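All remarks here apply to the structure that follows.
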Amino acid sequence: MDMLEKKINDIQIVTLGGRMDAYSSNDVERQLNSLIEANQVKIILDLAGLEYISSSGLRVLLAALKKSRKASGDIRLAAMRPYVKEVFDIAGFTQLFKIFNQEEEAIDSFK
Amino acid sequence: MGVSVPDLLVDLIKTASVVVVFAYLVTRTGFFSDLLEKKPKLKSRLIAIVAFGALSIFGTYGGITLSSGAIANIRDLGPMIAGLAGGPIVGIGAGLIGGIQRYFMGGFVAVPCALATVIAGLTGGIIFIARKGTFPRVWQAALFAIGMELFHMGLTLMIARPFNDALDVVKDVVIPMSGANAAGAAIFAYIIWNLVNERRTAAEKEKYRSELERKKFEIETARQIQQSFLPESTPTLKGFDIAAFSLPALEVGGDFYDFIPISQDKWGLVIADVSGKGFPAALFMALSRTCVRANAMGKATASETIRIANNMICQDAKSGMFVTLFYAMLDVNSRQLRFVNAGHNPPLFFRGDSGDVILLGANGIALGVLDEINLEEMKINLSSNDTVVFYTDGITEAINGKEEQFGTERLIKLVSQNSQLPAQGLVDKIRNEVVTFTKGQAQFDDLTLVTLKSTR
């Protein structure tokens, strides 16, 4: 899967693309953990390119969400595709994450 | 007596060959392995003394005849190695054999030569003690041999008379003898270290192999324990036909299903999928199953059962692990199914009369995520020929060679077309279709399936 990072002020934007399955989730987990450990706790995940997410992927995002909130940060999601949205919906995770249609809206929400 | 260079070379190669073969054979023999151990047996020491004594005697005869007629011998080599490998007693023993034999050959250098051979064994033994039995490296062994030979020459000059004759001999042989013995000692060191390293590698391999064996055994045991967490058979309920199937992607998995007897006519049905797979998922599965089981009895409603189970799971869910779970209470008499859906793929409810398909969704969230949850409890009534298919996403998210998913649509169509099959037949049908669909692909996720048919 693809992972890109950029930073706007104190907001870290991570763009995820491709399939987030049991294997590629490990890479994402490592990346998010290193951000949170470096106190980069305001994180936006741009999911426009994300085609698939498995339960392992949800676990990684949930763990990162818990950690970032503990450090007074948050993980906010933007531009989910319908299929990925459905996976979040079924698991009930849409109740947990703040979800935005556009990356820009997510950035604004942190201001 | 004139000796040509080719003759000298042939001599040298012959002697070297004998040393190499001797070193190779001796180091691969049982007594030598024993000698390298911390506490060798007396028998091994005795054999070593004889063998290296013999090498010493060979060294006397198998020396290299120089152009001056003097012989550069390697008599000291055997005792040196014996001492280095077996300690002072073995060294002196071998030295005595070579030395006494040399002494009785006579000649004006008999005494210093004999003496030097014994001292070579003793010195090797002292080094053995100083190095706590570790054989010297190649260069160290060569250096030791050169030192030993220089000492040998000094002893000859000190003892042998007339001095000028002794000096002539020493001048002739000092370099070739130092060189020949150094080469011999180096050969031994090289071969012994080869052996030591080989043994170490073999020991490590063996350790690794047995470790692997043990792990395999543990994994198999874990797999069996987990299998025992799944119901051995499906319950026989009046007017219902139930079948189930579960196959982890790895040896153990995070999917499970359960049938829990709640009261005379009430049964709890569970299907669940722990995030991730393998051992972490398997451990969490065991926890989740126990929490649900422990709470199923005595609770009036499905939502209450799972709400409390979630409290318990949350106390132990520190790693972001969670479990999606569908729990239903089946009343065998009233034929009502009351259910909650904690973030699980909605089971498919096929109406026998109309052929309609209803997804059994209800508001909820996966367990282990939030400490306090509210779950919407829903109910359906089952009538004749109704079918409910419970599954985990391993079924619908199975992918084929073109990265296409099996998908919910395909599953719905498959069940609709085979609604006349009994519960077990339906499970087999779906499993076969998924296997055929994913042909050639490694199983990616745990697969679990439960079918419930109402037969009246």
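Below, chain A is the first sequence line, B the second, and so on; all start at residue 1. Being a predicted model, the structure only gives us computed values, none of them experimental.
Interface remark: A:L65 contributes no atoms to any contact with chain B (heavy atom separation under 4.5 Å). For a residue to count as touching a neighbouring chain, one of its non-hydrogen atoms must lie under 4.5 Å from one of that chain's; by this rule B:I373 does not touch chain A. Neither the backbone nor the side chain of A:F88 has a heavy atom closer than 4.5 Å to any heavy atom of chain B.
Note on B:G343, B:G361, B:A366: by heavy-atom pairs under 4.5 Å with chain A, the leading option is B:G343. The most heavy-atom pairs under 4.5 Å with chain A, out of B:N345, B:N363, B:V369, B:L370, come from B:V369. Your options are A:S56, A:S25, A:A64, and the one with the most heavy-atom pairs under 4.5 Å with chain B is A:S56.
Using a 4.5 Å heavy-atom cutoff, the side chains of A:I90 and B:D393 are not in contact.
Here the closest heavy-atom approach between residue B:G368 and residue A:K66 is recorded as O-NZ, 3.4 Å. Counting all heavy atoms, side chain and backbone alike, A:Q95 lies closest to B:G364 at NE2-O, 3.0 Å. Nearest heavy atom pair, residue A:S55 against residue B:F322, reads O-CZ, 3.8 Å.
Residues of residues 32-49 of chain A lying within less than 4.5 angstrom of chain B, judged on heavy atoms, are absent. Near-neighbour residues of residues 399-409 of chain B relative to chain A, defined by a heavy atom under 4.5 Å from a heavy atom of that chain, comprise B:I399, B:E403, B:Q405.
Rounded to the nearest 0.5 Å, atoms OG1 (B:T324) and CG (A:L58) are 9.5 Å apart.
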